[in-house]
Amino acid sequence: MPAIRLPDGSVKSFDKPVSGAEIARSIGAGLAKAALAITVDGVVKDLATVVDADANIEIVTAKHPAALDLLRHDAAHVLAEAVQELYPGTQITFGPSTEDGFYYDFARAAPFTPEDFAGIEAKMREIVDRDEPIVREIWDRAKMKAYFVEHGESFKAEWSDEIPPDEEISVYRQGKWLDMCTGPHLPSTAKLGKAFKLTKVSGTYWRGDPKNPTLQRIYGTVWRDDAELKAYLHRIEEAERRDHRKLGREMALFHVQEEAPGAVFWHPKGWALWRTLEAFMRSRLDRDGYVEVKTPQLLDRKFWVASGHWDKFADAMFAATPRSESAKESEGERFYALKPMNCPCHIQIFNQGLKSYRDLPLRLAEFGACHRYEPSGALHGIMRVRAFTQDDAHIFCTEDQITVETIKFCRLLMGIYRDLGFTDVRVKFSDRPAMRAGSDATWDKAETALKDASAAAGLELILNPGEGAFYGPKLEFVLRDAIGRDWQCGTLQVDFVLPERLEANYIGEDGQKHRPVMLHRAIFGSFERFIGIVIEHYAGKLPLWLAPVQAVVATITSDADPYAEEVAAALREAGLRVETDLRNEKINYKVREHSLAKVPLLLAIGRREAEERKISLRRLGGAAQEVLALGDAVTKLRDEARIPSA
RNA sequence: GCUGCUGUAGCGUAGUGGUAGCGCAACGCCUUGGUAAGGCGUAGGUCGUGGGUUCAAUUCCCACCAGCAGCACCA
């Protein structure tokens, strides 16, 4: 007889097997009404699931983290039912939930277009109103196949053949419609609610294989209620407004062009931003005991063979050969490849000269320019490129030093993120994968060191079991931006393998040779991507210290031109990035233009200011004016514009 | 890489089998104006690239390139 343990620790005993719905009812009528599903020992199951043994049970309501996924999977079914009702002859295939919603792939000769959405959505709402109970049934596989054949569902029939013989075939039925599906699902279509919207249609292949027939995929999104749906749609709009590709063009930061796919042309203002970030990062690295290096971009293929990269990701590498005939004569058909990462090069520096344990930890940092051949479909603005610069560093240390180095790194990283305006940071911990190098004892040590160090640095870890690199466990740092999107940027990876492969050694206290451990670590990840994230996080309104143009000195009448030049020179002298606007335009026009250009400070100079040697300061986003003496203004703004040095 | 879509002036866009408009920006002139768009005028495009069909192609067809959305990928 099952004893049910609830999340609050209480235990309910039943004298016979009970369904999830009954458990919910035994707790309260309100909960029974709100219940969508249950979890049995952490696994989400239908509300109708009968529990016949002792178990930990949670009642899943809309508030539960698993609820959205249930809603989304159900929405896919309701979409499919609606489409089949409206467009007889359309075949169903698959329809899973996705990160923000769901989709369903259909087979139909005529194309779906966004104009069809309103009708389909109306039908979906009708199905929700019908409140069709969703019932799970176990079918015999022959019956399943026969059903699909009879109903002209050739794709489903094909798929039913491929379900492993030892697996049950479950069917979810809602009203007259049904689909073969593993579930779980909501108890009825009414529970889906109406906070859904179809978003787009695209083509795809049956089972993702181009040799197979094409299908049409209809995408949608669904949320717990209208407020959430509205917030999501708003977030999409916000994301468009903040798009770094649009802002990059408008703010004259960079451009990309056909001849250099996946590579960025940085314009003066974009490069100013880059240089500021680099200077900021460099000052922090200097303070934390890193030494900066610069290593070659083009190296002989033999080098990459030795490092193991040629074997593992040659497909992602660019190769180059000298073109001149004389080079071919003297070197033969020698060929080189552009580095896809910096670590092997850093080991070369480590390997020059004999290292002692006294040299450890050795922290080699490089703003390393790397090239990787990313698939064309993966390229995206400056966020995903083929030519990028990592804020890379490798810490060569002993196993005993892993903990301390990890703590140091976490503090460094959190400080940098904080100063850049990212305060919401999550840390993922990925431990040993099935395929791995190194002994279990070594892995034990490395995993424990990372965990302990994260705890000591005050970080809460999100576990990512089995997702570590083959050469060691890793921490991944995910920052959340102003509109709630997550970006994985920083990483710390423990590596026992590469020092072995490339024969890095140091002499220990015992006079013997030892193998150092290598910590791969990055904070921005890549400058290109990180700058894209910063632009979108701030919607282009960069904080003063990062802004490419920090101040514009704008004149009100041309009489003030000489004084305006003097003001600009004084600010420049104080280290600010300043432009003057002496154009024959009204101050209204200038204010509007520089506000739209997102310049943080506007110094208006009229006849009055020129006579009194003052400036009138207007800050971006505010209408207030502040009149300051020139000398005071320079001191004040110099201090405000300084790179944070906390 | 895959599927679908797109490519017209610096940017945003209209349009057509008979070699192209509009707005903003740019430039010039007038205006010297006190905190989010003053007025008038001028210039700017071999319509992504290559091929084909046609008397004629920016328009129709094919290929390629790049971009966009999604998928896959992100070692």
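Quick note on labels: first sequence line is chain A, next is B, and so on, each numbered from 1.
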Notebook entry, point to check: Can you tell which of U32(B), G38(B), C74(B) lies closest to the side chain of Arg384(A)?
Noted result: C74(B)
Notebook entry, point to check: Looking only at atom C1', what distance separates A20(B) and C47(B), rounded to whole Å?
Noted result: 8 Å
Next item on the list: Please measure how far the P atom in U3(B) lies from the corresponding atom in U16(B), and state the result in whole Å.
Entry: 30 Å
Check: Taking the C1' atom of each, how far is A57(B) from G50(B), in whole Å?
Finding: 14 Å
Note to self: Taking C61(B) as the reference, what is the distance to A9(B) when you measure between their C1' atoms (whole Å, please)?
What the structure shows: 28 Å
Item checked: NZ/NE/NH1/NH2 to OD/OE distance under 4.0 Å, Arg245(A) and Glu250(A) -> no
Check: Of the nucleotides U35(B), C73(B), A66(B), which one has an atom closest to the side chain of Ala378(A)?
Finding: C73(B)
Check: Using a distance-only test with no angle check, is there a side-chain donor-acceptor pair under 3.5 angstrom linking Gln216(A) and Asp105(A)?
Finding: no
Check: Taking atom C1' of C64(B) as reference, at what distance in whole Å does atom CD of Glu259(A) sit?
Finding: 14 Å
Notebook entry, point to check: Considering Watson-Crick and G-U wobble pairs with both distances under 3.5 Å, what does C60(B) pair with?
Noted result: G52(B)
Note to self: What is the distance, to the nearest angstrom, from the CZ atom on Arg241(A) to the C1' atom on G12(B)?
What the structure shows: 18 Å
Item checked: Atom-pair distance (CG on Asp243(A); P on C11(B)), nearest Å -> 15 Å
Note to self: Can you measure Ile587(A) atom CD1 to G34(B) atom P for me and round it to whole angstrom units?
What the structure shows: 10 Å
Note to self: Using OP1 and OP2 only, check whether a side-chain N or O of His380(A) sits under 4.0 Å from A69(B).
What the structure shows: yes
Notebook entry, point to check: With respect to the side chain of Glu609(A), which nucleotide from A66(B), C73(B), G34(B) is positioned closest?
Noted result: G34(B)
Next item on the list: Using the C1' atoms only, state how far G51(B) lies from A14(B), rounded to an integer number of Å.
Entry: 29 Å
Margin query: Using side chain to side chain donor-acceptor pair (under 3.5 Å), reason through Glu579(A) and Gln550(A) one step at a time and then give a plain yes or no.
Written below: CA-CA 8 Å; Glu579(A) 288 182 355; Gln550(A) 296 173 308; over 6 Å; no
Note to self: Suppose we define a pair by two distances each less than 3.5 Å, Watson-Crick or G-U wobble; what does G44(B) pair with here?
What the structure shows: none
Note to self: Is there a side-chain contact between Arg432(A) and Glu447(A) in this structure, where contact means two heavy atoms from C-beta onward sitting under 4.5 Å apart?
What the structure shows: yes
Check: Reckon Leu379(A) touches a base, only the sugar-phosphate, or nothing at all at heavy-atom distances under 4.0 Å?
Finding: sugar-phosphate
Next item on the list: Indicate, with a heavy-atom threshold strictly under 4.0 Å, whether His309(A) touches base, sugar-phosphate, or nothing.
Entry: nothing
Check: Reckon Pro375(A) touches a base, only the sugar-phosphate, or nothing at all at heavy-atom distances under 4.0 Å?
Finding: base
Next item on the list: With a 3.5 angstrom cut-off on both distances, give the Watson-Crick or G-U wobble partner of C68(B), or none if there isn't one.
Entry: G4(B)
Check: Below 4.0 angstrom, N of the basic side chain to O of the carboxylate: do Glu640(A) and Arg619(A) qualify?
Finding: yes
Next item on the list: Report yes if a donor N or O on one partner sits less than 3.5 Å from an acceptor N or O on the other, where the partners are the side chain of Arg217(A) and the base of A69(B); otherwise report no.
Entry: no
Check: Side-chain N or O of Ser558(A) less than 4.0 angstrom from OP1 or OP2 on U32(B)?
Finding: no
Note to self: How many whole angstroms separate atom NE2 of His594(A) from atom C1' of G34(B)?
What the structure shows: 15 Å
Note to self: Show, in sequence, the C-alpha distance, side-chain angles and deciding distance for His346(A) and Gln348(A), and conclude whether the side chain to side chain donor-acceptor pair (under 3.5 Å) test is met.
What the structure shows: CA-CA 5 Å; His346(A) 289 182; Gln348(A) 304 316 303; over 6 Å; no
Notebook entry, point to check: With a cut-off of under 6.0 Å to the ring centre and 45° to the axis, is Arg72(A) in cation-pi contact with Phe102(A)?
Noted result: no
Next item on the list: Figure out the NZ/C1' separation between Lys246(A) and G67(B), and round it to whole Å.
Entry: 17 Å
Check: So is Lys302(A) actually on top of Tyr336(A)'s ring, under 6.0 Å and inside 45° of the axis?
Finding: no
Next item on the list: Grab the CE-P distance between Met317(A) and C74(B) for me, whole Å please.
Entry: 17 Å
Margin query: Checking contacts here: which listed nucleotide (G1(B), A69(B), A36(B)) is nearest the side-chain heavy atoms of Arg245(A)?
Written below: A69(B)
Margin query: Considering every strand and a 4.0 Å limit on heavy-atom distances, what is the contact class for Phe388(A): base, sugar-phosphate, or nothing?
Written below: nothing
Next item on the list: Give one of base, sugar-phosphate or nothing for Arg249(A), where a contact means two heavy atoms less than 4.0 Å apart.
Entry: sugar-phosphate
Note to self: Between His520(A) and Tyr471(A), is the ring centroid distance below 6.0 Å?
What the structure shows: yes
Next item on the list: Find the partner of G33(B): check Watson-Crick (N1-N3 plus N6-O4 or O6-N4) and G-U wobble (N1-O2, O6-N3) distances, both under 3.5 Å, and reply none if neither fits.
Entry: none
Next item on the list: Any strand is fair game: report the nucleotide pairing with G21(B) by Watson-Crick or G-U wobble, both distances under 3.5 Å, or none.
Entry: U13(B)
Margin query: Any base atoms under 4.0 Å from Arg583(A), or only sugar-phosphate, or nothing? Heavy atoms, all strands.
Written below: sugar-phosphate
Next item on the list: Answer yes or no: does a side-chain N or O of Asn588(A) lie under 4.0 Å from OP1 or OP2 of A36(B)?
Entry: yes
Check: Taking atom C1' of C74(B) as reference, at what distance in whole Å does atom CD1 of Ile533(A) sit?
Finding: 13 Å
Check: Distance between the P atoms of A69(B) and G17(B), in whole angstroms?
Finding: 31 Å
Item checked: Nearest to side-chain heavy atoms of Thr557(A), which nucleotide of C73(B), U32(B), G38(B) -> U32(B)
Note to self: Could you tell me how far C62(B) sits from A26(B) if I compare only their P atoms? Round to whole Å.
What the structure shows: 42 Å
Margin query: Judged by each residue's nearest nucleotide on RNA chain B, which is more toward the 5′ side, Arg592(A) or Tyr103(A)?
Written below: Arg592(A)
Check: What nucleic acid atoms does Gly381(A) come within less than 4.0 Å of, heavy atoms only: base, sugar-phosphate, or nothing?
Finding: sugar-phosphate
Margin query: Once you apply a heavy-atom cut-off of 4.0 Å, does Tyr589(A) come out as touching a base, just sugar-phosphate, or nothing?
Written below: sugar-phosphate
Next item on the list: Using the P atom as the reference point in each nucleotide, state the distance between A25(B) and G18(B) in Å, no decimals.
Entry: 33 Å
Notebook entry, point to check: So, is Tyr373(A) near the phosphate of C73(B), with a side-chain N or O under 4.0 Å from OP1 or OP2?
Noted result: no
Next item on the list: For Ser616(A), report the nucleic acid contact type (base, sugar-phosphate, nothing); a contact means any heavy atom under 4.0 Å.
Entry: base
